[in-house]
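This chain uses plain numbering: 1 for the first residue, then up along the sequence. Whatever order the structure lists them in is the order used to number ligands and atoms, beginning at 1.
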Amino acid sequence: MKLKIQMIGTGSAFAKHYFNNNALLYTEQSTLLIDCGITAPMALHKLGKSFADIDGVLITHIHADHVGGLEEFAFQMKFIHGRKPKLYIASPLVQPLWNNTLQGGLTQEGISCLEDVFEVHALEPNHTYSLAAGMEIQLIETPHIAGKRSFSLLVNHSFFYSADMRFQPDLLHTLIEQQGVTLIFHDCQLTGKGEVHTTLAELLTLPDWIQRKIYLMHYGDERSQYEGHTGPMPFVEQHEIITIRE
Ligand SMILES: O=c1ccn([C@@H]2O[C@H](COP(=O)(O)O)[C@@H](O)[C@H]2O)c(=O)[nH]1
Ligand SMILES: [Zn+2]
Ligand SMILES: [Zn+2]
């Protein structure tokens with residue numbers, strides 16, 4: 001079963017040249033949106049797509065560049081397209097997503113909880129779930145910001161999507177050497193210290209054979225200054241479709 005990924009945006013939280021770091025994961029029969037940030041509705045529009053093309057959304061953590069488009073997604077699906085999309089989210093984030101983020105905008109007659117607009121699937125970390133034929137996903141809790149729970153993704157036991165993660169070299173070694181990961185999409189902070197994200201400088205300390213498996217995402221507007229300075233790690237381009245499995 002074929003599996004492909006297309007970033008609808010590759011930018012950092014404050015990037016203005018790039019949309020938020022959100023992705024579409026495609027099998028032949030299903031389309032999963034990975035995170036739905038503030039810019040997701042416009043990013044999909046620029047791709048000629050609408051929320052109606054999406055079967056479900058998976059949320060990695062609660063920051064606006066990852067969940068800020070969910071209100072529009074929910075309203076469009078309920079009132080324009082007339083169906084509930086699947087919402088996959090780590091079980092500890094279900095209540096915070098409603099209570100702290102979506103409740104204010106979505107609450108009205110007929111909508112009083114997440115389940116009124118989404119088919120909610122609470123995922124336990126470290127368990128592998130089949131979200132569609134040919135699409136198996138495991139959430140791995142990884143450090144991002146103190147007090148902010150965040151989850152990376154292991155897809156089909158071979159593709160690692162860091163989401164927003166501080167540098168975890170031991171995890172990267174384990175994923176590749178013991179779990180058979182062959183491709184990594186990694187967030188990459190180009191300037192400053194890696195207090196919240198992994199920096200380019202940190203990724204460049206990895207052995208060359210690991211760097212060769214990494215594509216860079218979640219980067220800032222200063223990207224052009226770093227062309228040719230990322231070792232063997234290419235920047236993922238917005239809208240580029242990359243095959244994970246033929
Ligand atoms: O402790 C913190 C918290 C937040 N920031 C900044 O906010 C953004 C959050 O968005 P991400 O999606 O996690 O990027 C982050 O980039 C920081 O710029 C922070 O610096 N420290
Ligand atoms: Zn982010
Ligand atoms: Zn974040």
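- Ser224 and Glu227 are not linked by any side-chain donor-acceptor pair at a separation below 3.5 angstrom, with hydrogens and angles left out of the test.
- In summary, an N, O or S atom of Asp164 is located under 2.8 Å from the Zn ion (ligand 2).
- At a cut-off of 3.5 Å, with distance as the only test, no side-chain donor of His127 or Gln138 sits close to an acceptor on the other residue.
- Shortest distance from the Zn ion (ligand 3) to His63 is reached at ND1 (N/O/S atoms only).
- The Asp65 neighbourhood of ligand 1 comprises atoms 10 (O), 11 (P), 12 (O), with distances under 4.0 Å to a heavy atom of that residue.
- Proximity annotation for atom 16 (O) of ligand 1: of His197, Glu195, His61, Gln189, His197 comes nearest, heavy atoms only.
- Here is the list of ligand 1 atoms found below 4.0 Å of a heavy atom in Ile145: 1 (O), 2 (C), 3 (C), 4 (C).
- Looking only at distances, no side-chain donor or acceptor of Thr243 sits under 3.5 Å from a matching main-chain atom of Arg245.
- In this structure, Phe159 and Phe185 have perpendicular ring planes: the angle between them is above 60°, well past the 30° mark.
- Between the side chains of Thr31 and Asp53, no donor-acceptor pair of N or O atoms lies under 3.5 Å.
- Checked by atom type, the side-chain pair His218/Asp164 shows a donor-acceptor distance below 3.5 Å.
- Between the side chains of Tyr129 and Glu136, no donor N or O sits under 3.5 Å from an acceptor N or O.
- Of the angles at the Zn ion (ligand 3), the one spanning NE2 of His61 and NE2 of His144 is 110° when given to 10°.
- For ligand 1, the atoms closer than 4.0 angstrom to any heavy atom of His218 are 12 (O), 14 (O).
- Of all protein heavy atoms, the one closest to atom 6 (C) of ligand 1 is Phe14 CZ, 4.0 Å.
- Judged by distance alone, the side chains of Tyr161 and Asn21 do bring a donor and an acceptor atom under 3.5 Å apart.
- Arg223 has a carboxylate O that lies under 4.0 Å from a charged side-chain N of Glu237, or vice versa, which qualifies the two as a salt bridge.
- Here is the list of ligand 1 atoms found below 4.0 Å of a heavy atom in His66: 12 (O).
- When each atom of ligand 1 is checked for a heavy atom of Asp164 under 4.0 Å away, the hits are 11 (P), 12 (O), 13 (O), 14 (O).
- Val196 CG2, 3.5 Å is the protein heavy atom nearest to atom 21 (N) of ligand 1.
- For the atom pair OG1 of Thr142 and CG of Asp187, the computed distance is 8.5 Å after rounding to the nearest 0.5 Å.
- In summary, His66 places no N/O/S atom under 2.8 Å from the Zn ion (ligand 3), failing the contact criterion.
- For atom 9 (C) of ligand 1, the closest non-hydrogen atom on the protein side is His63 CE1, 3.6 Å.
- Around the Zn ion (ligand 2), the two atoms OD2 of Asp65 and NE2 of His218 are separated by an angle of 100°, to 10 degrees.
- Which of Ala13, Gly147, Ala163, Ala64 comes nearest to atom 10 (O) of ligand 1 through a heavy atom is settled by distance: it is Ala13.
- Within ligand 1, counting atoms from 1 as listed, the ones closer than 4.0 Å to a heavy atom of His144 are 13 (O).
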